[in-house]
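Proteins get letters first, then strands, A, B, ... in listed order; numbering begins at 1 in each.
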Amino acid sequence: MYDRIKGFRDFYPEEMAAHREVIDTVEETARNYGFREIATPAMEPTAMYVDKSGEEIVEELYSFEDKGGRDVALTPELTPTVARMVVAKQQELPKPIKWVSTRPFWRYEEPQQGRFREFYQTNIDIFGSSDPSADAEVMAVAVDVLTGLGLTSDDFDFRVSHRDILSGLLESFEADVDVQDAIRAVDKRAKIDEEEYMDLLTDAGLNYGQADNFDEMLHTDADELGTLAEMTGSADVAAAVENLEAVLSAAEDFGVREYCTVSLTTARGLDYYTGVVFECFDSTGEVSRSVFGGGRYDDLIEGFGGQQTPAVGFAPGVMNSTLPLLLQRAGVWPEEELSTDYYLLQVGDTRSVAARIARDLREAGHVVETDVSDRSFGAQMGYADSINAETVVIVGEQDLENDEVTVKDMESGDQTTAPVDEFPGDRDRPTYDDFA
RNA sequence: UCCGGGCUGGGGUAGUGGUAUCCUACAGCCUUGUGGUGGCUGUGACGCGGGUUCGAUUCCCGCGCCUGGACCCA
């Protein structure tokens with residue numbers, strides 16, 4: 001008996017059935033918007049991540065030297081890979097590039113609520129459009145995913161912010177501000193107390209009054225964003241506000257504006273975002289971590305050696321992640337149970353007839369099982385029950401003497417006979433009711 | 001890497017310095033013609049290593065894993 005590796009999980013059929021439904025919903029939502037599925041390698045050169053994030057990142061990677069002496073790492077995220085793919089075919093890919101991909105990623109971290117060392121994400125990105133409609137479309141997919149999974153606006157907070165507003169505000173102060181550090185402080189705001197927060201802001205270069213003023217501006221209402229530009233006199237802030245308002249206007253047209261809460265205190269920890277950013281949280285706070293985040297990152301492709309290419313996207317975690325936790329908390333997690341349309345129960349030497357019926361039913365697209373263990377009637381019935389068979393078709397020697405089979409509805413227990421030649425016949429989904 | 005809580009058959013549990021209770025699950029049989037709801041039988045556990053002890057599942061130490069948190073979250 002071997003142990004499972006720390007931070008990795010098994011998914012047994014009942015549990016996986018529920019996860020499958022969730023993944024299908026997420027992917028289908030993206031496909032309906034025209035996002036095309038791609039597949040990518042599980043390993044990349046370690047340098048791809050070190051160049052992007054610095055040498056410290058190796059600590060959090062599953063990285064090693066392969067037999068050819070190459071330094072490789074299991075992919076901790078999709079973005080660098082996708083950037084590489086976009087750069088490699090920059091000229092020939094029609095824009096906008098809209099891609100979706102669900103797959104596992106690996107990070108060598110300590111497992112916590114909703115965080116494992118192997119986790120699955122669906123990445124949804126648009127490359128090649130800087131238009132606010134692109135930001136809004138990504139946000140619309142995100143909201144449609146949430147509502148498609150059965151959540152309502154009461155269940156989640158979808159917070160929208162803008163990196164350029166934050167950096168513009170910071171730069172408008174007469175101070176030598178480390179914008180990166182200050183934004184990181186904003187991102188941590190909810191986790192730390194007031195004093196610590198102010199300390200971080202002053203460490204970043206603001207004086208106490210400026211920090212206070214900055215924090216106050218972050219709490220500006222959505223319909224008064226314009227005052228930020230006036231107060232600071234910053235053209236950068238004015239442009240960023242205009243951009244955010246354009247995105248929200250498109251979101252209105254796309255039917256998702258009502259789900260969005262403008263919240264400038266949402267910053268995301270990531271350094272590479274350049275415009276609109278958004279993050280989704282459990283409205284009750286029971287799931288303490290972010291459910292997913294996303295935003296615009298216009299400089300990344302260029303950073304990977306391509307032409308300047310605007311990009312916007314997000315990546316909900318599926319399987320080992322906070323999204324399932326939110327769905328469970330909200331009571332919309334799919335049933336964790338197997339479903340089986342038909343079980344063909346064989347009594348005596350009736351395999352050939354049972355097999356013929358099974359093939360016909362499978363042809364029609366149903367989930368059909370029959371005995372492969374030569375078990376007794378009672379044992380087969382018990383098994384049919386354990387796999388939640390909806391209908392059991394009893395193919396027994398006695399019935400076959402009259403050219404009949406017995407059709408049993410497992411929920412009610414009612415059963416009746418049907419002519420074997422007419423089962424399933426022309427019927428798409430024959431049940432007890434068709435013959436009663 | 002650090003801090004807290006935990007670890008008894010597959011799952012859930014009782015209990016103890018002298019090898020372990022019950023429920024459930026699984027398999028077979030009673031029952032080649034009826035499951036979810038009967039009976040019988042079987043399978044199966046003290047996370048791993050070391051220490052103390054005549055004897056450790058129990059006490060001590062280390063490690064592993066689970067769980068929650070810090071850091072990090074690209």
Side-chain angles (χ1 to χ4, degrees), chain A residues 1-10 12 14-15 44 46 48-61 73 75-83 105-117 119 121 123 180 184 187-188 191-192 196 267-273 279 286-290 292-293 295 297 300 303-304 315 317 321-322 325 337 340 343 345-351 371 373-401 404-415 417:
Chain A
M1 183 64 185
Y2 296 101
D3 292 331
R4 209 174 36 215
I5 294 173
K6 179 177 181 175
F8 287 68
R9 279 178 72 190
D10 303 313
Y12 288 86
E14 290 79 3
E15 195 179 3
E44 294 281 5
T46 304
M48 183 182 271
Y49 305 105
V50 172
D51 291 349
K52 180 184 169 210
S53 309
E55 196 63 47
E56 323 81 63
I57 203 69
V58 174
E59 294 300 309
E60 292 169 38
L61 292 176
T75 55
E77 59 167 329
L78 188 69
T79 306
T81 298
V82 163
F105 297 95
W106 301 270
R107 292 182 187 178
Y108 196 85
E109 299 180 297
E110 290 309 307
Q112 288 171 44
Q113 184 194 45
R115 175 196 276 189
F116 292 81
R117 287 182 173 182
F119 58 97
Q121 281 187 343
N123 279 258
Q180 215 71 267
R184 245 188 287 267
D187 192 47
K188 283 189 178 173
K191 274 191 178 179
I192 58 183
E196 241 176 305
R268 301 239 60 204
L270 320 185
D271 291 341
Y272 63 71
Y273 285 114
E279 197 155 19
E286 204 170 301
V287 179
S288 58
R289 295 168 200 288
S290 158
F292 62 75
Y297 50 104
L300 192 79
F304 274 79
S321 198
T322 42
L325 296 178
E337 60 181 27
T340 308
Y343 182 83
L345 194 154
Q346 303 171 35
V347 191
D349 184 15
T350 61
R351 186 173 64 192
D371 180 49
S373 305
D374 193 30
R375 286 203 277 206
S376 69
F377 193 108
Q380 288 188 65
M381 195 61 87
Y383 178 72
D385 187 53
S386 77
I387 60 173
N388 297 317
E390 192 179 315
T391 299
V392 167
V393 181
I394 300 167
V395 186
E397 287 174 336
Q398 290 173 20
D399 292 342
L400 284 182
E401 282 172 21
E404 289 178 329
V405 292
T406 296
V407 181
K408 180 183 176 81
D409 181 280
M410 288 296 274
E411 198 186 328
S412 65
D414 296 338
Q415 63 184 51
T417 55

Rounded off to whole Å, could you give me the CD-to-P distance for the Glu15(A) and G10(B) pair? 18 Å

Would you mind pulling out the nucleotide paired to U16(B), Watson-Crick or G-U wobble, both distances under 3.5 Å? none

Out of C2(B), C66(B), G35(B), which nucleotide sits closest to the side chain of Arg4(A)? C66(B)

G-U wobble or Watson-Crick pairing nucleotide for G64(B) (cut-off 3.5 Å, both distances): C7(B)

Side-chain donor or acceptor of Arg115(A) under 3.5 Å from a matching atom on the base of C72(B)? yes

Check every atom of C73(B), G69(B), U34(B) against the side chain of Arg184(A) and return the nucleotide holding the closest atom. C73(B)

Minimum-distance nucleotide to Lys6(A) side chain [options: G33(B), C66(B), C73(B)]: C66(B)

Is there a side-chain contact between Gln112(A) and the phosphate of U67(B), meaning an N or O under 4.0 Å from OP1 or OP2? no

For Asp399(A), the option from Thr417(A), Thr406(A), Thr350(A) that meets side-chain hydrogen bond (donor to acceptor under 3.5 Å, both in side chains): Thr406(A)

So does Lys188(A) get a side-chain nitrogen or oxygen closer than 4.0 Å to the phosphate oxygens (OP1/OP2) of C72(B)? yes

Relative to the 5' end of RNA chain B, which residue comes earlier, Leu61(A) or Arg289(A), by the nucleotide with the nearest heavy atom? Arg289(A)

Which nucleotide, if any, forms a Watson-Crick or G-U wobble pair with A25(B), using both distances under 3.5 Å? U43(B)

Write down the protein N/O and nucleotide N/O pairs, taken from nucleotides 23-29 of chain B, whose separation is under 3.5 Å; answer none if there are no such pairs.
{"unit_1": "A27(B)", "atom_1": "OP1", "unit_2": "Arg375(A)", "atom_2": "NH1", "d": "3.4"}

Would you say that Arg115(A) contacts Glu110(A) through its side chain, given a criterion of any heavy-atom pair below 4.5 Å between the two side chains? no

Distance check needed: G36(B) C1' versus Asp414(A) CG, whole Å only. 14 Å

Once hydrogens and angles are ignored, does a donor-acceptor distance under 3.5 Å link the base of G35(B) to the side chain of Asp385(A)? yes

Phe116(A) side chain, from C-beta outward: closest of C73(B), U67(B), G33(B): U67(B)

Please identify each residue that fulfils side-chain contact (heavy atoms from CB on, under 4.5 Å) with Phe8(A), with sequence neighbours left out. Ile5(A), Tyr62(A), Trp106(A), Arg117(A), Glu118(A)

5'-most contact on RNA chain B: Ile5(A) or Asp349(A), nearest heavy atom basis? Asp349(A)

Met410(A) side chain, from C-beta outward: closest of G35(B), G33(B), C73(B): G35(B)

Between C72(B), U32(B), C2(B), which nucleotide gets closest to the side-chain atoms of Glu60(A)? C72(B)

Between C1' of U32(B) and CZ of Arg351(A), the distance in whole Å: 16 Å

Using only heavy-atom distances, decide whether a donor-acceptor pair under 3.5 angstrom links the side-chain of Gln113(A) to the base of G68(B). no

Checking all strands, does Leu345(A) fall into the base, sugar-phosphate, or nothing category for heavy-atom contacts under 4.0 angstrom? nothing

Glu411(A) near the nucleic acid: base, sugar-phosphate alone, or nothing, with a heavy-atom cut-off under 4.0 Å? base

Could you give the CZ-to-C1' distance, from Arg107(A) to C71(B), as a whole number of Å? 15 Å

Might you confirm whether atom CG of Asp349(A) has over 12 heavy atoms from other residues, nucleotides or ligands at distances under 6.0 Å? no

